[in-house]
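Numbered from 1 within each chain, the chains take letters A, B, ... in sequence-line order.
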2 protein chains.
Amino acid sequence: MQISKGVEWAAHAAVLLSALPTGRGLKAEALARYHSVPGPYMAKQMQALSKAGIVQTARGKHGGYRLARPAGEITLWDIMTAIEGSKSAFTCTEIRQNGPCGATPEQCRKKCAIAAAFHAAEVAFRESLQAISLVEIAAGVAADSPRKHLRNVGAWLEKEAVAIG
Amino acid sequence: MQISKGVEWAAHAAVLLSALPTGRGLKAEALARYHSVPGPYMAKQMQALSKAGIVQTARGKHGGYRLARPAGEITLWDIMTAIEGSKSAFTCTEIRQNGPCGATPEQCRKKCAIAAAFHAAEVAFRESLQAISLVEIAAGVAADSPRKHLRNVGAWLEKEAVAIG
DNA sequence: GTCTTAATACTCGGATATTACTTGTCCGAGTATTAGAGG
DNA sequence: CCTCTAATACTCGGACAAGTAATATCCGAGTATTAAGAC
């Protein structure tokens with residue numbers, strides 16, 4: 001039960017992109033530099049977000065990443081599944097069918113009770129994350145930041161942002 | 001985000017132990033044989049349950065494992081944390097403090113908004129699992145099993161069970 | 001001066017090593033049985 | 001025949017390899033710029 005570190009990076013990167021006006025973006029190297037994380041691995045996470053349709057990309061000299069849809073329509077669950085994959089955390093190997101008292105096929109119509117309990121818990125986890133979009137995250141971050149810090153971030157973004165149509 | 005296979009095995013083993021009357025238990029080899037899983041690895045999971053205080057052990061010739069408390073007081077969350085450890089799935093590395101616009105220490109009084117959202121989701125996950133005890137699992141399994149199968153299991157348990165004081 | 005074109009510089013994308021962890025296995029520590037010898 | 005003792009057989013407990021996935025990295029594919037050359 002371990003969430004990949006890439007999820008954290010991708011989430012922070014997405015929040016940063018959400019601070020940009022529509023039509024502007026950042027290149028992978030800038031996203032990595034902003035948080036002082038290894039550039040190539042950051043790029044790998046951004047590729048995953050791209051394949052999941054969360055960010056749009058532009059190649060070439062003025063290339064970079066921008067959000068593919070409004071920040072309010074991108075949840076933390078979207079980002080997590082983009083990086084980790086959408087397979088469920090608990091995988092039932094149906095060991096109830098094994099051994100001297102193995103369950104008969106007709107008993108297995110219904111899902112194994114243990115698997116069902118874990119899947120219900122995962123649903124609760126998913127719904128909690130689906131309730132949080134980049135907008136709420138950005139608002140929370142802004143509320144905790146002094147005005148001076150927000151100005152610094154704004155200036156940095158203005159310097160690094162590129163136009164992506 | 002992957003739950004160890006050992007959690008599944010330990011959960012099934014605990015449910016099996018809950019079917020025994022108080023004061024009786026099973027040895028690790030029997031638990032493994034019941035589900036046709038590798039014996040030594042099954043034993044490893046049982047050791048984890050033992051260290052977590054979920055099962056009591058007896059060594060020696062008539063050794064084995066029995067539940068340490070009533071099945072109604074053992075939840076799936078207990079079993080999962082016993083195997084996987086109780087550290088949270090999302091680890092915040094505080095990358096918001098890095099880079100050219102790193103957050104100042106006073107901003108970090110409050111938890112990072114992203115980490116807070118993930119931890120809230122984990123709480124929902126945990127509470128869902130804490131609501132399910134071995135009793136509910138056993139009841140669900142029994143409801144789906146034909147009478148004949150339950151008799152087979154009962155006979156097998158009677159044959160393999162050992163007395164553990 | 002203007003248009004075409006080819007070279008170029010800079011970006012993303014996928015394939016490639018390295019490390020950490022889960023999975024699977026082994027041998028030593030510990031205890032009730034039990035066989036045997038002595039009383 | 002009973003009791004004490006020591007050997008024994010069987011269990012759990014922690015230490016030890018093998019396989020797999022996460023982490024970190026590199027080089028090739030693709031595009032806007034741009035500079036040169038022809039008209």
If the condition is salt bridge (Lys or Arg N to Asp or Glu O under 4.0 Å), which residues does [X] pass it with, not counting sequence neighbours?
X: E158(A); result: R24(A)
X: E160(A); result: R33(A)
X: R151(B); result: none

Given [N], is OP1 or OP2 found less than 4.0 Å from the side-chain N or O atoms of [X]?
X: Y41(B); N: dA18(D); result: no
X: S50(B); N: dC12(D); result: no
X: T57(B); N: dT11(D); result: no

Next item on the list: Any chance you could measure I3(A), atom CD1, to Q2(B), atom CD, to the nearest 0.5 Å?
Entry: 12.0 Å
Check: Which ones in residues 2-34 of chain B lie close to DNA chain D, meaning a heavy atom under 4.0 Å from one of its atoms?
Finding: K27(B), A28(B)
Rounded to the nearest angstrom, tell me the gap between atom [atom1] in [X] and atom [atom2] in [N].
X: M46(B); N: dG14(D); atom1: CE; atom2: C1'; value: 16 Å
X: I83(B); N: dT22(C); atom1: CD1; atom2: C1'; value: 13 Å
X: E84(A); N: dA21(D); atom1: CD; atom2: P; value: 13 Å

List, with names and distances, any nitrogen or oxygen atoms from the protein found under 3.5 Å away from nitrogen or oxygen atoms belonging to nucleotides 26-36 of chain C.
unit_1  : atom_1 : unit_2 : atom_2 : d
dA29(C) : N3     : R59(B) : NH2    : 3.1
dG30(C) : O4'    : R59(B) : NH2    : 3.3

Item checked: Pairwise side-chain hydrogen bond (donor to acceptor under 3.5 Å, both in side chains) hits with a residue in residues 132-146 of chain B, at least two apart ->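 Applying side-chain hydrogen bond (donor to acceptor under 3.5 Å, both in side chains) to every pair that reaches into residues 132-146 of chain B, excluding sequence neighbours, yields Q107(A)-S145(B), K110(A)-D144(B), S133(B)-E136(B).
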Check: Please, which pairs that meet side-chain hydrogen bond (donor to acceptor under 3.5 Å, both in side chains) have at least one residue in residues 88-97 of chain A, sequence neighbours excluded?
Finding: T93(A)-E8(B), E94(A)-R96(A), E94(A)-Q97(A)
Next item on the list: Pick base, sugar-phosphate or nothing for G64(B), based on heavy-atom distances below 4.0 Å to the nucleic acid.
Entry: sugar-phosphate
Output every pair passing ring-ring contact (aromatic ring centres under 6.0 Å, His included) with a member in [range], not counting sequence neighbours, ordered by first then second residue.
range: residues 27-64 of chain A; answer: W9(A)-Y41(A), H12(A)-H35(A), Y34(A)-W156(A)
range: residues 127-152 of chain A; answer: none
range: residues 112-138 of chain A; answer: F90(A)-F118(A)

Check: So which residues get pulled into V162(A)'s cluster when ILVMFWY side chains under 4.5 Å apart are joined, directly or through others?
Finding: I164(A)
Could I get a table of every N or O pair under 3.5 Å where one atom is in the protein and the other is in nucleotides 3-8 of chain D?
none

